[in-house]
Amino acid sequence: MISVDVYRETVTELLGHAPVRTVPVAEAAGLVLARDVRAGVALPPFDNSAMDGYAVRAADVAEVPVTLPVADDIPAGRVDVEPLEPGTAQRIMTGAPLPPGADAIVMVEDTDRGTSEVRISRAASVGNHIRRSGEDVTEGTMALHAGTVLSHAHLGLAAAVGLAELAVYRPLSVLVVSTGTELVEAPNPLQHGQIYESNSVMLAAALRELGCRVEVVRSVVDDVAEFREIIEPRLESADLLITSGGVSAGAYEVVKDALTGQGVEFRKVAMQPGGPQGCGRWNGVPVVTLPGNPVSVLVSFEAFLRPAVLSAMGHSDVDRRRVRARLTEDMTSPAGRRQFRRGFFTPVLGEVTGVVGPRGGPGSHLLAAFTQANCLIVLPEEVSAASEGDEVEVLLL
Ligand code: AMP
Ligand code: MG
């Protein structure tokens, strides 16, 4: 048996790093920036008005009320602004360039809104309602740092400093395959002995949430020749193959039988659920083979797949938030294995932590209990029992 931590390292190394490529700014949301971005222009690029109003010299409006001739009109987008002569005003709109010589804006609400001459009723000090060039970003400075997970705000800034494309880590293309002769795809009717396939639905959604591209083969029967025939040609376009089912100790273990000796190594990881695992390369493509029970799939995803996939796509923060919490009931755990139990964490007001209780039993088929959980309770390898009131580690989902 190998430890969860060593297995997580192994899978992370197997997945490596996705290649870097440039994408249009608008398509980069959620991806990780691969190179620093410098601002090609200052923000704002020029001194401009923060208000609809009148550009003036502050000295000309020191004593109010005062009436000034309106020498020009400056809508946003005008590129041929004339200097402001002393003793005059120019009507100006928000975002329009400040005329040379002007040092203050009087907002329209403090005037009679005149167009040939304007009566100004409130004095303005130097700099009033002026947005200075470079106030937000200086030209040539670092606007975005490599490693940033690009949010809509980051994309907005990239667009604002004049970028059309960004260098990002390419999303992984993942092929998700469920195996099991018993699997049926809804809405086909079930016969006794069959179940509805659910693992591929969960894995595809979880991977897409991380930003992966996903192709799904909903179910392959437990037949080695058929497995190879269906999956092998699809490997070509995949960065990663994830299978579920067919890796434990019974007969008809299709994934194990098909991939043993092909570059994939099968072993036991010291965790519960999700002990039987396999990983390696098949035709050069990284492969991670998960056991079939739905909760094993979800726990495997949390324990090592999610961090490895995030790391491959350039993320540095790959861990769920961990907190300590007091148990609300006694629990047991198999000695020598790290147990991940579905739990519900409730913060306690006035305390740094909270309380947590299990949802459902340890059985790896209890999928409904997972949907009622908001965390995983982690009982370490050396712990075989924990009592109500004990502090345990919790991974917030
Ligand atoms: P296996 O790892 O193939 O022995 O499967 C373990 C258990 O998980 C069995 O009860 C399977 O029927 C179930 N199982 C396997 N694959 C799926 C799947 N894709 N969706 C739902 N249940 C599954
Ligand atoms: Mg099976």
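When a residue number appears, it is its place in the shown sequence, counting from 1. Counting starts at 1 for both ligands and their atoms, in listed order.
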Minimum-distance protein heavy atom relative to atom 19 (N) of ligand 1: E197 OE2, 2.9 Å

Other residues, nucleotides, ligands: >12 heavy atoms within 6.0 Å of R122 CZ: no

E253 N/O under 3.5 Å from ligand 1 N/O: no

Option whose closest heavy atom lies nearest to atom 4 (O) of ligand 1, chosen from P291, S248, G250: S248

F370 atom CZ, neighbour heavy-atom count above 12 within 6.0 Å: yes

Close-contact set for ligand 1 against S178 heavy atoms, below 4.0 Å: 19 (N)

Atom 16 (N) of ligand 1 - nearest protein heavy atom and its distance: N199 ND2, 3.4 Å

Numbering as shown, the atoms of ligand 1 that approach I195 to under 4.0 Å (heavy-atom distance): 12 (O), 21 (C), 22 (N), 23 (C)

Ligand 1 N/O within reach of L183 N/O, cut-off under 3.5 Å: no

Enclosure of R119 CZ (heavy-atom neighbours >12, cutoff 6.0 Å): no

Identified side chain to side chain donor-acceptor pair (under 3.5 Å) partner of Q272 from the options R338, R337, Q339: Q339

Best match, G193, A249, G292, G246: closest heavy atom to atom 3 (O) of ligand 1: G246

Parallel, tilted or perpendicular: ring planes of F304 versus Y7, cut at 30 and 60 degrees: perpendicular

From CA spacing to verdict: salt bridge (charged side-chain N to carboxylate O under 4.0 Å, His left out), E185, R218: CA-CA 7 Å; E185 215 176 304; R218 196 72 191 274; 3.6 Å; yes

Neighbour count >12 (heavy atoms, 6.0 Å) for atom CD, E351: yes

Numbered atoms of ligand 1 (with element) below 4.0 Å of E182, judged on heavy atoms: 11 (C), 12 (O)

Distance filter under 4.0 Å to T179 heavy atoms, resulting ligand 1 atoms: 16 (N)

Contact (N/O only, under 3.5 Å) between S198 and ligand 1: yes

Can you give each donor-acceptor pair under 3.5 Å made by side-chain atoms of residues 150-167, sequence neighbours left out, with the distance rounded to 0.1 Å?
residue : atom : partner : partner atom : Å
S151    : OG   : A153    : N            : 3.2
S151    : OG   : H154    : N            : 3.3
S151    : OG   : H154    : ND1          : 3.0
H154    : ND1  : V149    : O            : 3.3
H154    : ND1  : S151    : N            : 3.0

Atom 7 (C) of ligand 1: the protein heavy-atom neighbour that sits closest, reported with distance to 0.1 Å: N293 OD1, 3.4 Å

